[in-house]
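Structure first, then comments.
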Amino acid sequence: MIIAVQLFGPLAEQAGRSRFELTLSGSTVGDVVAALSVASPSLRIDRAVRFAVNTDYAETTAPVREGDVVSLIPPVGGG
Amino acid sequence: MIIAVQLFGPLAEQAGRSRFELTLSGSTVGDVVAALSVASPSLRIDRAVRFAVNTDYAETTAPVREGDVVSLIPPVGGG
Amino acid sequence: MFKITADPLSIDEAYAAVRAPDCGAVAIFVGTVRNHHDGKNVTRISYSAFKEMAEKEFARIADEARARWKIGAVYIAHRTGVLEIGDASVVIAVSSAHRAEAFEACRHAIEVLKKMAPIWKEEFTESGKAWISG
Amino acid sequence: MFKITADPLSIDEAYAAVRAPDCGAVAIFVGTVRNHHDGKNVTRISYSAFKEMAEKEFARIADEARARWKIGAVYIAHRTGVLEIGDASVVIAVSSAHRAEAFEACRHAIEVLKKMAPIWKEEFTESGKAWISG
């Protein structure tokens, strides 16, 4: 299946782009992150990065389905 | 000496007026209150009433001088 | 800025009075006339004040807060006269570099104001009127 | 009302959005761009956000506050784009019948927003720029 991935803030800057379309064999957030690391090796996805499926925070074990958008949420700085 | 006395809120309502000019022999806030009780017997000056000399809270033992204004401050309700 | 006024209070005025380039936080408290109190329906409230002393108390409250917390500016305004339900009776604003201080000083200011400022409140309900303190 | 917007924030809008006849207290927090951070002179700040998710987080923060405190309405707005020193970046307003709840819920909301809302801050100083979190 094809999953859209969004990057924000410093991650978008590192990758030089904010959106990817990845073709996946697995079906979890972790699988998306693994595929993204291959597609964009310069990305530093450390433990401080959180993930969202569509508009909700999600663990790496959370399932993703065709049509979902997975977002990488680097440390936030609102306020 | 002559001392001006101001009443506010429920005390002004009780007295039916908000300002007195009292002729005093003594020289403390307590003396002013005693003279006021004589001048306006209907006033209920209980322990909840505080006093000010000019624009500062003052104890009953505080001195008053010619030209001072003594205010009776019934329980406040700002906010 | 510290004032007792018969004019409607302005939240924007309070904010503008305390914002400063070195302050990243502004905490504002607005007290408004509520339609209920102790199970009674309130229709309006009349506030009166010993204006000169109240304004001096506001300045003293601000000085005390500045001595206790690292804050920038303090604004305190209280309205007098007959207020309708929903009208703002008091506005306090405090700026600070960091938010904890603005919140704490603003909260402290309204607590002290309620105890110390020479302001009186007459509450009108369906069953009559009463002086309210505390 | 919960929003991410590129337009200047309005304190009066926040106040108007939460005031209610049965609420006697409104607590407002305004975060502004400060001219210093960690000993450096800040010249401006650029905020970006995942708008849809941030607005959903704001609503969740409000729901959480309403479950924990007896409060009325909650307003949360955060600005995006390049902000100058003194510009308001975030405004939170909470109304309640009694003041303690409005203060506590407002304070809680900004603390949670800072941890959870998907918003990013790029700080420009004399020596360059940096992503700032926390």
Side-chain angles (χ1 to χ4, degrees), chain C residues 9-38 41-45 72 83-111 113-114 121 123 132, chain D residues 9-38 41-45 72 83-111 113-114 121 123 132:
Chain C
L9 302 181
S10 162
I11 320 299
D12 270 347
E13 176 183 288
Y15 173 65
V18 302
R19 68 195 286 247
D22 59 343
C23 288
V26 174
I28 304 172
F29 174 77
V30 187
T32 62
V33 177
R34 208 175 55 198
N35 63 6
H36 62 97
H37 176 236
D38 274 352
N41 288 323
V42 176
T43 53
R44 61 188 193 281
I45 290 200
L83 275 67
E84 306 296 327
I85 303 304
D87 284 350
S89 55
V90 61
V91 178
I92 299 177
V94 179
S95 60
S96 60
H98 303 284
R99 67 190 176 283
E101 288 84 352
F103 271 110
E104 287 167 27
C106 186
R107 177 75 194 271
H108 182 75
I110 180 63
E111 301 300 334
L113 181 152
K114 283 174 110 55
K121 175 180 182 171
E123 187 179 83
I132 306 292
Chain D
L9 302 181
S10 161
I11 320 299
D12 270 347
E13 175 183 288
Y15 173 65
V18 302
R19 69 193 285 246
D22 58 343
C23 288
V26 175
I28 304 172
F29 174 77
V30 187
T32 62
V33 177
R34 210 175 54 200
N35 63 7
H36 61 97
H37 177 236
D38 275 351
N41 289 325
V42 176
T43 53
R44 61 188 192 281
I45 290 202
L83 275 67
E84 305 296 326
I85 303 304
D87 284 349
S89 54
V90 62
V91 178
I92 299 177
V94 179
S95 60
S96 60
H98 303 283
R99 67 189 176 284
E101 288 83 353
F103 271 110
E104 287 166 28
C106 187
R107 177 75 195 272
H108 182 73
I110 180 64
E111 301 299 334
L113 182 152
K114 283 173 118 39
K121 177 179 181 171
E123 187 180 84
I132 305 292

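On a predicted model such as this, the values are computed, not experimentally measured, just so you know. Numbers restart at 1 for each chain; the letters A, B, ... are given by sequence-line order, proteins then strands.
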*Considering only heavy atoms and a distance below 4.5 Å, find which of Ala27(D), Ser10(D), Ala25(D) pairs most often with chain C.*
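Max contact count across the listed options: Ala25(D).
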
Could you tell me which portion of [X] (side chain, backbone, both or neither) has an atom closer than 4.5 angstrom to a non-hydrogen atom of chain C?
| X | result |
| --- | --- |
| Ala102(D) | neither |
| Arg107(D) | both |
| Ala100(D) | both |
| Phe29(D) | both |
| Glu84(D) | neither |

_Taking the side chain as everything from C-beta on, heavy atoms only, tell me whether Phe103(D) gets closer than 4.5 Å to Ile110(C)._
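In short, these two side chains touch, coming nearer than 4.5 Å.
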
*asked:* Test your reading of the model: is there a side-chain donor-acceptor pair from Arg34(D) to the backbone of Ala97(C), 3.5 Å cut-off?
replied: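 Pair found, side chain donor or acceptor close to backbone of Ala97(C).
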
*Under 3.5 Å, side chain of Thr32(D) to main-chain N/O of Ala20(C), donor-acceptor pair present?*
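A pair under 3.5 Å: no.
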
*Give, for atom CD of Glu13(D) and atom CG of Asp12(C), the distance between the pair rounded to the nearest 0.5 Å.*
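It is 11.0 Å, given to the nearest 0.5 Å.
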
_Part of Ala93(C) within contact of chain D (heavy atom distance under 4.5 Å)_ =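 No part of Ala93(C) comes within 4.5 Å of chain D.
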
Tell me, out of [options], who's got the most heavy-atom pairs with chain D below 4.5 Å.
| options | answer |
| --- | --- |
| Gly31(C), Gly86(C), Pro21(C), Ala14(C) | Pro21(C) |
| Val33(C), Val30(C), Ile92(C) | Val30(C) |
| Val42(C), Ile85(C), Asn35(C) | Asn35(C) |

